[in-house]
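These numbers come from a predicted model, not from an experiment. Just so we're on the same page: letters track the sequence lines, and every chain starts at 1.
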There are 2 protein chains.
Amino acid sequence: MSSKRAGSSAATAARKTAPSAAETAEKPAAGSIRERNQAIILKAAEQVFAKKGFNGATTAEIARKAGVPKPNLHYYFGTKQQLYDSVIENILDLWLGAMDEIQPDADPAEAIGHYVQNKIRASRDWPDSSRLWAIEVIGGGRHVSNFMKGRLRNLVREKGQVMARWAAEGKMDPVDPAHLMFMIWASTQTYADFAAQIAAVLDRDAVDDDVFRVAEQTVVRIILKGCGIG
Amino acid sequence: MSSKRAGSSAATAARKTAPSAAETAEKPAAGSIRERNQAIILKAAEQVFAKKGFNGATTAEIARKAGVPKPNLHYYFGTKQQLYDSVIENILDLWLGAMDEIQPDADPAEAIGHYVQNKIRASRDWPDSSRLWAIEVIGGGRHVSNFMKGRLRNLVREKGQVMARWAAEGKMDPVDPAHLMFMIWASTQTYADFAAQIAAVLDRDAVDDDVFRVAEQTVVRIILKGCGIG
DNA sequence: GGCCATCCTGACCAAACGGTCAAGAAATTT
DNA sequence: AAATTTCTTGACCGTTTGGTCAGGATGGCC
């Protein structure tokens with residue numbers, strides 16, 4: 001009797017991310033066992049870490065959720081800490097995408113509006129990533145310190161200069177760009193991080209698409225108008 | 001702000017000898033040993049819980065930070081869970097104060113502006129409370145579910161009606177009040193919860209008064225202007 | 001089929017944790 | 001000062017945790 005808890009949603013998701021190019025038919029290629037299992041474990045780990053933080057999560061729970069025996073975690077990722085680092089690394093992209101539109105010759109309303117939109121949709125589509133990031137930063141952010149002081153800081157500086165130029169050209173108010181970013185991040189990620197609170201206040205079981213629609217509308221509107229755009 | 005709450009779940013500890021503490025009338029016993037030590041432990045517990053969450057915090061660390069032996073925690077608070085509950089209970093007031101100014105006959109700019117101000121200053125003055133609240137809600141908020149679905153929801157509904165009236169009178173834009181609240185909470189509490197990230201991006205050791213000054217200015221301005229006030 | 005590398009897993013371990021206890025020290029009351 | 005209640009503490013315990021290991025199963029390649 002094999003201990004297959006198979007058919008989980010994790011398996012389907014992992015199959016989607018598997019390299020499908022050269023493979024024919026349904027049989028996974030040789031080297032893909034590793035990738036498949038790593039993906040399954042990473043997804044389970046993200047869920048558990050996002051809910052309980054690093055210390056609160058147990059390797060046993062992650063293994064159970066992934067449907068694999070516990071030693072399998074260590075086989076693929078070494079220690080719990082290394083597994084955590086791998087999960088964190090997969091999240092960093094959330095911060096870098098979507099800011100591309102903020103360019104000197106772009107339209108501020110569109111650029112910033114789309115950025116807010118994308119951030120809110122990220123909260124809807126990958127809430128666990130947002131929550132895990134939040135827990136990590138609240139705890140001091142030691143694992144992401146380099147990222148925050150490096151790529152993230154540079155990005156804020158760069159996009160801040162674009163906004164300063166927009167302001168100089170009269171296209172928007174001279175708002176402090178860094179704090180505008182903080183405000184956008186906070187106002188959008190709150191729909192993932194504080195979903196429990198928002199659902200409770202709105203008397204719903206969860207933050208569903210209806211809520212996200214009004215959220216997107218409201219936040220985009222206040223941010224843009226608040227910056228003197230539009 | 002209401003005054004402090006005496007440890008409500010403290011009595012469960014000393015079961016050996018009936019804890020006859022508070023039954024016969026109010027015995028202030030100014031500076032009693034019990035109150036002093038409970039306050040010390042609660043403060044230490046809040047710091048540790050805020051950084052590591054419930055599971056990540058250890059009673060040994062709380063005891064060390066409070067400067068008392070570990071069994072002393074159990075003597076005063078029973079279990080770790082009860083200590084956590086006591087800490088959480090002390091935080092709830094943060095959500096209720098400061099919204100008082102939002103009244104039908106008040107000036108929207110002043111009322112909302114002061115509310116944002118107060119929330120940002122709360123992030124500056126009690127960052128650990130904000131962070132602990134965040135960790136609790138991210139983890140599902142089971143310990144505060146009643147509060148969120150009760151007093152908090154009612155408060156949002158009540159103040160939302162005030163804002164709807166302001167909007168009907170043309171004093172502000174017809175913004176969804178609940179989402180405006182979410183935005184204010186997120187934009188203000190982020191200066192406590194995400195302090196590590198903000199400090200890193202701004203290239204500072206910590207989020208100091210300078211940062212808070214610009215933060216207050218920027219957030220108040222964007223929120224008010226974004227709502228069509230001012 | 002035969003061989004090898006990769007993958008899987010039940011059983012186990014040392015450390016850390018929450019919690020307990022009994023006895024002693026310090027207040028408080030009588 | 002004696003009695004009694006409250007407070008303090010080192011030592012201890014059962015459970016849970018992250019991590020290990022040896023050996024078995026599986027798949028790829030000739």
**B:W185 side chain reached by A:T190 side chain, heavy atoms, under 4.5 Å** = no
**Asked** Side chains of A:F212 and A:R121: closer than 4.5 Å at any heavy-atom pair?
**Response** no
**Request:** Measure across A:R131 and A:A50 and return the closest heavy-atom pair with its distance rounded to 0.1 Å.
**Result:** CB-O, 4.0 Å
To the nearest Å, give me how far apart [atom1] ([X]) and [atom2] ([N]) are.
| X | N | atom1 | atom2 | value |
| --- | --- | --- | --- | --- |
| A:N72 | D:dG24 | CG | P | 18 Å |
| B:L73 | C:dT20 | CG | P | 13 Å |
| B:E35 | D:dC7 | CD | C1' | 15 Å |
| B:I62 | C:dC17 | CD1 | C1' | 12 Å |
| B:E61 | C:dA16 | CD | P | 14 Å |

**Request:** Give B:P71 one of three labels, base, sugar-phosphate or nothing, depending on what nucleic acid heavy atoms sit under 4.0 Å from its own.
**Result:**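 If one applies the 4.0 Å heavy-atom cut-off, B:P71 turns out to touch a base.
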**Request:** For A:A57, report the nucleic acid contact type (base, sugar-phosphate, nothing); a contact means any heavy atom under 4.0 Å.
**Result:** sugar-phosphate
**Prompt:** Considering residues, nucleotides and ligands other than A:Q81, do more than 12 of their heavy atoms fall under 6.0 Å from its CD?
**Reply:** yes
**Message:** Tell me if the NZ atom of A:K52 is crowded by more than 12 foreign heavy atoms within 6.0 Å.
**Reply:** no
**Asked** Are the side chain of B:K119 and the backbone N or O of B:I184 linked by a donor-acceptor pair below 3.5 Å?
**Response** no
**Message:** Using only atom types and a distance under 3.5 Å, with no angle test, would you say the side chain of B:K65 pairs donor to acceptor with the backbone of B:V48?
**Reply:** no
**Message:** Would you say the ring centers of A:F194 and B:F182 fall short of 6.0 Å from each other?
**Reply:** no
**Contact residues, residues 43-52 of chain B to DNA chain D [heavy atom, < 4.0 Å]** = none
**Item:** Of residues 74-82 of chain A, the positions that come close to DNA chain D - non-hydrogen atoms, cut-off under 4.0 Å
**Value:** A:H74, A:T79, A:K80
**Message:** Taking only side-chain N and O atoms of A:N55, does any of them lie within less than 4.0 angstrom of OP1 or OP2 on D:dG18?
**Reply:** no
**Prompt:** Is the distance from OP1 or OP2 of D:dC7 to the nearest side-chain N or O of B:R34 less than 4.0 Å?
**Reply:**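 Yes, within the criterion.
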**Asked** Should B:Q197 and A:W133 be marked as a side chain to side chain donor-acceptor pair (under 3.5 Å) after you check the CA-CA gap, both sets of side-chain angles, and the distance that decides it?
**Response** CA-CA 10 Å; B:Q197 179 177 318; A:W133 179 266; 2.9 Å; yes
**Closest-nucleotide 5' rank along DNA chain D - winner of B:G67 and B:K70** =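 Whichever sits nearer the 5' end wins; that is B:G67.
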